[in-house]
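Quick notes on the structure that follows.
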Amino acid sequence: TFVVGDWSFTVTDADAKTVSVSKTDGITGNVVIPPSVSNESVTYAVTSVAENGFTSTAITGVTIPASVTSLGAWAFRECGSLASITIEDSDEPLALVAGYYSSFAWSTADKTVYIGRDFTLTGGNTPFSDVTSVVFSNKVTTIPNNLFYGNTKLKSITIGDGVTTIGSSAFNSAGIDDGVEELQVTLGSNIEIIKESAFNSCSKLKAITLPSTLTVIEGYVFAYTA
């Protein structure tokens with residue numbers, strides 16, 4: 001393990017020259033994780049955020065570079081001021097934890113999320129909470145099951161043209177908070193499948209335009225909407 005500036009790094013594979021990243025004391029503000037770091041004349045790729053890596057920090061935003069391929073359990077747990085999450089575009093999927101050990105557990109500030117790649121989820125339910133808007137880039141091909149289930153503050157969902165499948169209950173019960181006037185959803189032009197209950201109970205969803213590419217709408221996709 002070594003420290004460079006505001007960052008602590010742990011070598012995860014000496015041969016492949018990869019490291020995980022975590023906090024140092026006092027890290028605050030908008031954090032942009034570096035894609036690489038040098039130590040003792042060796043340059044390492046930053047490929048993961050350590051378990052509990054940024055727990056209980058006062059960061060207000062985080063940008064996760066394309067080099068990072070996994071977020072550990074509770075990586076950003078109890079970051080009460082975290083208002084912006086940017087996951088940069090990449091062809092490589094990002095592995096993160098959902099459910100009780102969610103990578104973003106109990107980070108309860110209202111937040112915006114930009115998702116620039118596919119996800120591999122472990123654990124149940126959603127890894128996110130208190131999201132107000134989300135944008136999926138054209139690099140995303142599949143929105144996983146339950147990804148934003150129960151995010152009641154969601155006001156805006158923008159889905160890029162790379163997405164072909166929206167998973168089961170991906171946005172179930174989204175945007176139902178009293179403070180949301182209307183849930184605005186923009187679908188990409190290449191969606192083929194919307195799985196069961198994807199927008200179930202989205203009571204503030206008043207209008208949506210479905211693309212001509214859509215071939216399958218499973219049961220209860222729009223049940224209990226406006």
Side-chain angles (χ1 to χ4, degrees), residues 1-79 82 84-107 111 113-128 135-147 160 162-165 167:
T1 297
F2 57 92
V3 174
V4 177
D6 292 331
W7 311 95
S8 177
F9 300 95
T10 299
V11 177
T12 53
D13 189 324
D15 293 331
K17 297 182 175 61
T18 61
V19 293
S20 66
V21 63
S22 58
K23 66 182 178 180
T24 57
D25 291 339
I27 192 168
T28 61
N30 188 39
V31 167
V32 180
I33 293 174
S36 62
V37 62
S38 295
N39 183 59
E40 296 182 349
S41 301
V42 178
T43 298
Y44 298 90
V46 180
T47 58
S48 59
V49 176
E51 182 175 330
N52 281 305
F54 292 84
T55 290
S56 301
T57 51
I59 62 174
T60 57
V62 62
T63 298
I64 298 168
S67 65
V68 171
T69 56
S70 67
L71 304 182
W74 288 348
F76 297 94
R77 178 171 64 102
E78 294 180 346
C79 293
L82 182 58
S84 174
I85 299 169
T86 300
I87 298 168
E88 290 187 341
D89 285 13
S90 175
D91 293 323
E92 295 295 321
L94 177 67
L96 69 164
V97 182
Y100 180 78
Y101 293 101
S102 167
S103 301
F104 298 96
W106 305 302
S107 292
K111 60 181 66 68
V113 177
Y114 175 88
I115 298 173
R117 63 176 104 170
D118 285 326
F119 284 159
T120 302
L121 294 180
T122 58
N125 300 322
T126 174
F128 302 106
V135 174
F136 295 87
S137 86
N138 292 339
K139 291 287 188 180
V140 180
T141 63
T142 301
I143 298 176
N145 299 346
N146 304 313
L147 187 61
V163 173
T164 60
T165 302

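Because only heavy atoms are used, hydrogens play no part in the values below, and waters and symmetry mates are left out as well, while side chains stay in. Throughout, numbering of the chain's residues begins at 1 and tracks the sequence.
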_Any donor-acceptor N or O pair under 3.5 Å, side chains T55, E78_ = no

*Would you check if F128 and L147 make a side-chain contact, meaning some heavy-atom pair closer than 4.5 Å?*
yes

_Donor-acceptor contact present, side-chain T12 to main-chain T18, <3.5 Å_ = yes

*Looking only at heavy atoms, what is the nearest atom pair of N30 and T60, with distance?*
N-OG1, 3.4 Å

_Show every ring pair (Phe, Tyr, Trp, His ring centres under 6.0 Å) that has at least one partner inside residues 32-60, sequence neighbours left out._
F2-Y44, F54-F76

_Minimum side-chain heavy-atom gap L121-L96 below 4.5 Å_ = yes

*Should I33 and W7 count as side-chain neighbours, where that means a heavy-atom distance under 4.5 Å?*
yes

*Would you say the side-chain atoms of T43 and S38 include a donor-acceptor pair closer than 3.5 Å?*
yes

_Apply side chain to side chain contact (heavy atoms under 4.5 Å, CB included) to residues V62 and T86 and explain how you reach the verdict._
CA-CA 6 Å; V62 62; T86 300; over 6 Å; no

*asked:* Among T47, V46, V37, V68, exactly one meets side-chain contact (heavy atoms from CB on, under 4.5 Å) together with V21. Which residue is that?
replied: V46

*If you count the non-hydrogen atoms of other residues, nucleotides and ligands that lie under 6.0 Å from OH in Y101, is the total more than 12?*
no

*Would a 4.5 Å heavy-atom cut-off, applied to side chains only, mark T1 and S8 as touching?*
yes

